[in-house]
Trainee: 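This is the structure I want to talk about, given as structure tokens.
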Amino acid sequence: MKKKNLFLAKKAEDSTLNQYWFSEQTIDFLVDHIESIYQNGQKLAFLSTPSIYCSLKNQEVKQNSSLFEFDLKLNKEKGFVFYDFNKPIEGLEQFKNTFDIILIDPPFITEEVWSKYAQTINYIKKEDAKILCCSIKENAKMLYDLIKVVPQQYKPSIPHLIYQYDFYCNYEHEILKKVNEEIGF
């Protein structure tokens, strides 16, 4: 019998922070995907994606990861870095050009917010970093213009969110070309 995701069991969504967690199946999918593209010694950044960071299974991956997060209830996590998207690079000097893989799920989908996240991403990423994020379909052009990511077939399930998100990335991977059977498209 499969164990329930501990993060989902312990950490309730907080609508005041606009936190809506991925489904357990989507979390498993993302953890498996991120751990499969990781190569020895790479650095990973999880921007506003605590459900994925906290669900990592591979200890080497977790040791090489940082969780950039506003929610101070998560500050006991070893890789926690306080992050306020309204101050996109403040306090992040030590992370300039550091990360090989970056996963992003901002609390808001507006161009203003994504522009601030793009500043952070472009500051902390290595030149050839893999970027994976999610947002609404209508943001496809904006996301391409900001961080050069394109929509993928696989879509996340976020049970308490009223609209459907798409995944976007700047690299190709077969698993992202599949349909998420959990949502049926």
Side-chain angles (χ1 to χ4, degrees), residues 5 7-8 10-27 29-31 33-34 44-55 65-75 77 79-92 95-96 98-99 101-125 129-170 176 180 182-183 185:
N5 180 287
F7 177 85
L8 293 177
K10 291 181 178 181
K11 179 80 171 88
E13 295 172 329
D14 184 343
S15 60
T16 63
L17 294 175
N18 216 26
Q19 290 176 332
Y20 300 97
W21 306 139
F22 296 113
S23 70
E24 188 167 356
Q25 183 176 323
T26 295
I27 290 172
F29 172 86
L30 283 170
V31 166
H33 175 64
I34 293 296
L44 298 87
F46 293 82
L47 275 69
S48 305
T49 55
S51 64
I52 309 307
Y53 172 85
C54 293
S55 300
S65 296
S66 296
L67 171 63
F68 293 78
E69 179 59 51
F70 186 79
D71 187 351
L72 291 173
K73 290 183 219 111
L74 294 159
N75 71 355
E77 291 295 328
F80 181 87
V81 176
F82 179 75
Y83 174 69
D84 181 350
F85 70 81
N86 289 303
K87 300 170 186 168
I89 59 173
E90 187 176 296
L92 302 183
F95 299 110
K96 186 172 184 166
T98 296
F99 294 99
I101 301 170
I102 303 174
L103 182 65
I104 314 103
D105 181 18
F108 304 99
I109 56 176
T110 64
E111 184 170 3
E112 176 187 359
V113 171
W114 267 110
S115 294
K116 292 173 183 179
Y117 272 85
Q119 286 177 49
T120 304
I121 293 161
N122 289 321
Y123 186 77
I124 67 171
K125 75 179 182 76
K130 291 181 175 166
I131 300 170
L132 176 62
C133 62
C134 64
S135 191
I136 58 172
K137 160 185 355 184
E138 291 79 5
N139 282 348
K141 182 182 181 326
M142 175 191 67
L143 289 172
Y144 182 80
D145 292 344
L146 289 171
I147 53 175
K148 304 295 183 245
V149 292
V150 295
Q152 303 299 303
Q153 175 64 45
Y154 192 93
K155 298 174 187 335
S157 172
I158 309 171
H160 300 122
L161 202 58
I162 58 171
Y163 35 82
Q164 180 61 53
Y165 273 19
D166 286 353
F167 278 129
Y168 295 83
C169 67
N170 67 343
L176 296 171
N180 181 350
E182 184 178 16
I183 58 174
F185 54 91

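The shown structure was predicted, so the numbers you read here are calculated from the model rather than taken from an experiment.
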Trainee: Can you name the ring pair (Phe, Tyr, Trp, His ring centres under 6.0 Å) partners of Phe70, sequence neighbours left out?
Mentor: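 Residues passing ring pair (Phe, Tyr, Trp, His ring centres under 6.0 Å) with Phe70: Phe82.
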
Trainee: Given the rule in the side chain to side chain donor-acceptor pair (under 3.5 Å) test, do Thr120 and Tyr83 qualify, once you have shown the distances and angles that lead to the verdict?
Mentor: CA-CA 10 Å; Thr120 304; Tyr83 174 69; 2.7 Å; yes

Trainee: Could you state the interatomic distance from CD1 (Ile183) to CD (Gln25), rounded to the nearest 0.5 Å?
Mentor: 9.5 Å

Trainee: Can you tell me how far CD of Glu69 sits from OG1 of Thr49, rounded to the nearest 0.5 angstrom?
Mentor: 8.0 Å

Trainee: List in chain and number order the residues that pass side-chain hydrogen bond (donor to acceptor under 3.5 Å, both in side chains) with Lys10, two or more places apart in sequence or in another chain; answer none if no residue qualifies.
Mentor: none

Trainee: Is the closest side-chain heavy-atom distance between Phe167 and Asn180 below 4.5 Å?
Mentor: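 They are not in contact (no side-chain heavy atoms under 4.5 Å apart), so the answer is no.
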
Trainee: Does NZ or CZ of Lys148 lie under 6.0 Å from the centre of the six-membered ring of Tyr144, at an angle within 45° of the ring axis?
Mentor: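 Judged by the rule (NZ or CZ under 6.0 Å from the ring centre, within 45° of its axis), Lys148 counts as positioned above Tyr144.
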
Trainee: With a 4.5 Å limit on heavy-atom distance, are the side chains of Cys134 and Phe22 in contact?
Mentor: yes

Trainee: For Tyr168, give me all partners under ring pair (Phe, Tyr, Trp, His ring centres under 6.0 Å), at least two apart in sequence or on another chain.
Mentor: none

Trainee: Tell me, please, which residues at least two apart from Tyr165 pass side-chain hydrogen bond (donor to acceptor under 3.5 Å, both in side chains).
Mentor: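 Once residues adjacent in sequence are excluded, Tyr165 has no partner under the side-chain hydrogen bond (donor to acceptor under 3.5 Å, both in side chains) criterion.
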
Trainee: Listed by chain and number, what are the side-chain contact (heavy atoms from CB on, under 4.5 Å) partners of Ala118, not counting sequence neighbours?
Mentor: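 Once residues adjacent in sequence are excluded, the partners of Ala118 under the side-chain contact (heavy atoms from CB on, under 4.5 Å) criterion are Asn122, Leu146, Ile147.
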
Trainee: Taking only residues two or more places apart in sequence, or in another chain, which ones meet Tyr20 in a ring pair (Phe, Tyr, Trp, His ring centres under 6.0 Å)?
Mentor: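 Scan of Tyr20 (ring pair (Phe, Tyr, Trp, His ring centres under 6.0 Å), adjacent residues dropped) gives none.
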
Trainee: Show every salt bridge (Lys or Arg N to Asp or Glu O under 4.0 Å) that has at least one partner inside residues 129-142, sequence neighbours left out.
Mentor: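 Listed once each, the pairs are Lys141-Asp145.
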
Trainee: Determine which pairs satisfy salt bridge (Lys or Arg N to Asp or Glu O under 4.0 Å) with at least one residue from residues 149-167, sequence neighbours left out, and list them in order.
Mentor: Lys155-Asp166

Trainee: With Lys87, which residues qualify under side-chain contact (heavy atoms from CB on, under 4.5 Å), at least two apart?
Mentor: Asp84, Glu90

Trainee: Could you tell me the separation between the OG atom of Ser157 and the CD atom of Glu24, rounded to the nearest 0.5 Å?
Mentor: 11.0 Å

Trainee: Nearest 0.5 angstrom please: Asn5 CG to Lys11 NZ, how far?
Mentor: 13.0 Å

Trainee: Considering the options Leu176, Val150, Ile131, which one meets the side-chain contact (heavy atoms from CB on, under 4.5 Å) requirement together with Cys169?
Mentor: Leu176

Trainee: Could you check whether the rings of Tyr154 and Phe29 sit parallel, tilted or perpendicular, using 30° and 60° as the cut-offs?
Mentor: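 Judged by the thresholds at 30° and 60°, the geometry between Tyr154 and Phe29 is parallel.
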
Trainee: Please say which of Asn170, Leu103, Val149 ends up in a side-chain contact (heavy atoms from CB on, under 4.5 Å) with Leu132.
Mentor: Leu103

Trainee: Would you say CD of Glu182 has more than 12 non-hydrogen atoms from neighbouring residues, nucleotides or ligands within 6.0 angstrom?
Mentor: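 Atom CD in Glu182 is crowded, with more than 12 foreign heavy atoms closer than 6.0 Å.
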
Trainee: Should Tyr123 and Pro88 count as side-chain neighbours, where that means a heavy-atom distance under 4.5 Å?
Mentor: no

Trainee: For the pair Ser23 (side chain) and Thr26 (backbone), establish whether a donor and an acceptor sit closer than 3.5 Å, ignoring hydrogens and angles.
Mentor: yes

Trainee: Nearest 0.5 Å, what's the OG-CG distance between Ser51 and Leu30?
Mentor: 7.5 Å

Trainee: If the condition is side-chain hydrogen bond (donor to acceptor under 3.5 Å, both in side chains), which residues does Ser135 pass it with, not counting sequence neighbours?
Mentor: Trp114, Asn139

Trainee: Using the test ring pair (Phe, Tyr, Trp, His ring centres under 6.0 Å), find all partners of Phe68 that sit at least two apart in sequence or belong to another chain.
Mentor: Phe95, Phe99

Trainee: Testing the basics here: between Ile121 and Leu47, what is the closest heavy-atom pair and its distance to 0.1 Å?
Mentor: CG1-CD2, 4.2 Å

Trainee: Under the side-chain hydrogen bond (donor to acceptor under 3.5 Å, both in side chains) rule, collect the residues that match up with Tyr117, sequence neighbours excluded.
Mentor: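 Testing Tyr117 for side-chain hydrogen bond (donor to acceptor under 3.5 Å, both in side chains), a comparison that skips the adjacent residues, returns Ser48.
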
